[in-house]
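See structure below.
Please read all numbers here as calculations on a predicted model, not as lab measurements.
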Amino acid sequence: MQYSNKVMDHFTNPRNMGEIEDASGVGTVGNAKCGDIMRVYLDIDDDGIIRDVKFKTFGCGAAVATSSMATELIKGKHINEALKLTNRTVMEALDGLPQVKMHCSVLAEEAVRAALWDYADKKGIEIEGLEKPADDIHDSHHEDIAEDD
Ligand code: FES
């Protein structure tokens with residue numbers, strides 16, 4: 001299995017690892033297939049800008065690398081921008097992932113969405129285009145990515 005230099009870099013030196021106390025939104029998702037879990041914390045200001053983002057994972061190296069990159073991509077962005085983040089964007093930013101590890105990148109995307117959902121829920125607002133996330137990506141519409149792509 002071949003990992004890009006960027007994947008190795010984000011795996012060995014992950015950005016934004018940790019947690020945020022009193023976060024504006026926290027999202028946790030798992031993948032029952034591999035048993036990995038991802039949690040994302042968002043600190044969002046009154047204008048909807050993501051001031052800070054942190055993640056914690058009980059997951060594989062690819063999950064660490066993709067989460068690290070995902071947090072880098074949404075930090076400082078508006079929540080509407082963060083909503084557009086997909087696992088493909090993250091994988092591209094990492095110069096790709098081996099096909100068997102593609103599903104790992106979905107964990108990061110879904111955890112960001114779950115954290116945004118939690119934020120909207122707490123604030124009593126609706127974020128256009130955001131659906132209630134699944135607790136487990138195995139149950140979600142993304143599962144086919146891992147197998148068919
Ligand atoms: Fe489970 Fe990578 S093997 S997230």
Task: Smallest separation among heavy atoms of Thr71 and Ser68, with atom names - done: OG1-O, 2.7 Å

Open item on the list: The test is side-chain contact (heavy atoms from CB on, under 4.5 Å); show your working for Lys101 and Tyr3 and say whether it passes.
Closed with: CA-CA 10 Å; Lys101 301 303 271 178; Tyr3 287 111; 3.4 Å; yes

Open item on the list: In the structure I gave you, are the side-chain heavy atoms of Thr66 and Met38 within less than 4.5 Å of one another anywhere?
Closed with: no

TODO: Flag yes if more than 12 heavy atoms outside Asp45 fall under 6.0 Å of its CG atom; otherwise flag no.
DONE: yes

Open item on the list: Would a single hydrophobic cluster contain both Val26 and Leu107, if residues Ile, Leu, Val, Met, Phe, Trp and Tyr are joined by side-chain heavy-atom contacts under 4.5 Å?
Closed with: no

Task: For Ala111 against Val40, the heavy-atom pair lying closest together - done: CB-CG2, 3.5 Å

TODO: May I ask whether Leu130 and Tyr41 are part of the same hydrophobic cluster, defined by side-chain heavy atoms of I, L, V, M, F, W, Y residues being less than 4.5 angstrom apart, directly or through others?
DONE: no

Task: Ile20 side chain near Asp52 side chain, heavy-atom distance below 4.5 Å - done: yes

- [ ] Could you tell me whether the side chain of Leu42 reaches within less than 4.5 Å of the side chain of Leu116, counting heavy atoms only?
- [x] yes

TODO: Identify the two heavy atoms, one from Asp9 and one from Arg15, that lie closest to each other, and give their separation to 0.1 Å.
DONE: OD2-NH2, 2.8 Å

Open item on the list: Which heavy atom of Lys122 sits nearest to which heavy atom of Ser24, and what is that distance?
Closed with: CD-O, 3.7 Å

Quiz: residues 53-61 side-chain donor-acceptor pairs under 3.5 angstrom, not counting sequence neighbours:
from  : atom 1 : to    : atom 2 : distance (Å)
Lys56 : NZ     : Glu19 : OE2    : 2.4
Thr57 : OG1    : Ile37 : O      : 2.9
Thr57 : OG1    : Gly59 : N      : 3.2

Open item on the list: Nearest 0.5 Å, please: how far is CD1 in Ile74 from CD1 in Ile79?
Closed with: 11.0 Å

Open item on the list: Quick check: do Val112 and Leu83 have side-chain heavy atoms less than 4.5 Å from each other?
Closed with: no

Open item on the list: Please enumerate all residues that pass side chain to side chain donor-acceptor pair (under 3.5 Å) together with Asp43, with sequence neighbours excluded.
Closed with: Arg51

Task: Test item: Asp47 side-chain N/O and Ile49 main-chain N/O as donor-acceptor pair under 3.5 Å - done: no

Side-chain polar contacts of residues 90-97 - donor-acceptor pairs under 3.5 angstrom, sequence neighbours left out - could you list them?
none

TODO: Return yes if some donor-acceptor pair links the side-chain N/O of His10 with the main-chain N/O of Ser67 below 3.5 Å, else return no.
DONE: no

- [ ] Could you point out which residue of Gln2, Lys6, Met8 forms a side chain to side chain contact (heavy atoms under 4.5 Å, CB included) with Ser4?
- [x] Lys6

Task: Trp117 versus Lys132, closest heavy-atom pair with distance - done: CZ3-N, 3.3 Å

Open item on the list: Distance check, rounded to the nearest 0.5 Å: Cys34 atom SG versus Ile137 atom CD1?
Closed with: 6.5 Å

Open item on the list: Quick one, Glu109 and Arg88 - any side-chain contact, counting heavy atoms below 4.5 Å?
Closed with: no

Task: Atom pair OG1 (Thr89) and CE (Met69), whose distance is rounded to the nearest 0.5 Å - done: 11.0 Å

Task: Contacts of Lys77 that satisfy side chain to side chain donor-acceptor pair (under 3.5 Å) - sequence neighbours left out - done: none

TODO: Determine whether Val29 and Asp136 make a side-chain contact, defined as any pair of heavy atoms from C-beta on separated by less than 4.5 Å.
DONE: no

TODO: Go through the structure and list residues passing side chain to side chain donor-acceptor pair (under 3.5 Å) with Lys123, not counting sequence neighbours.
DONE: none

Task: Partners passing side chain to side chain donor-acceptor pair (under 3.5 Å) against Thr28 (at least two apart in sequence or in another chain) - done: Arg39

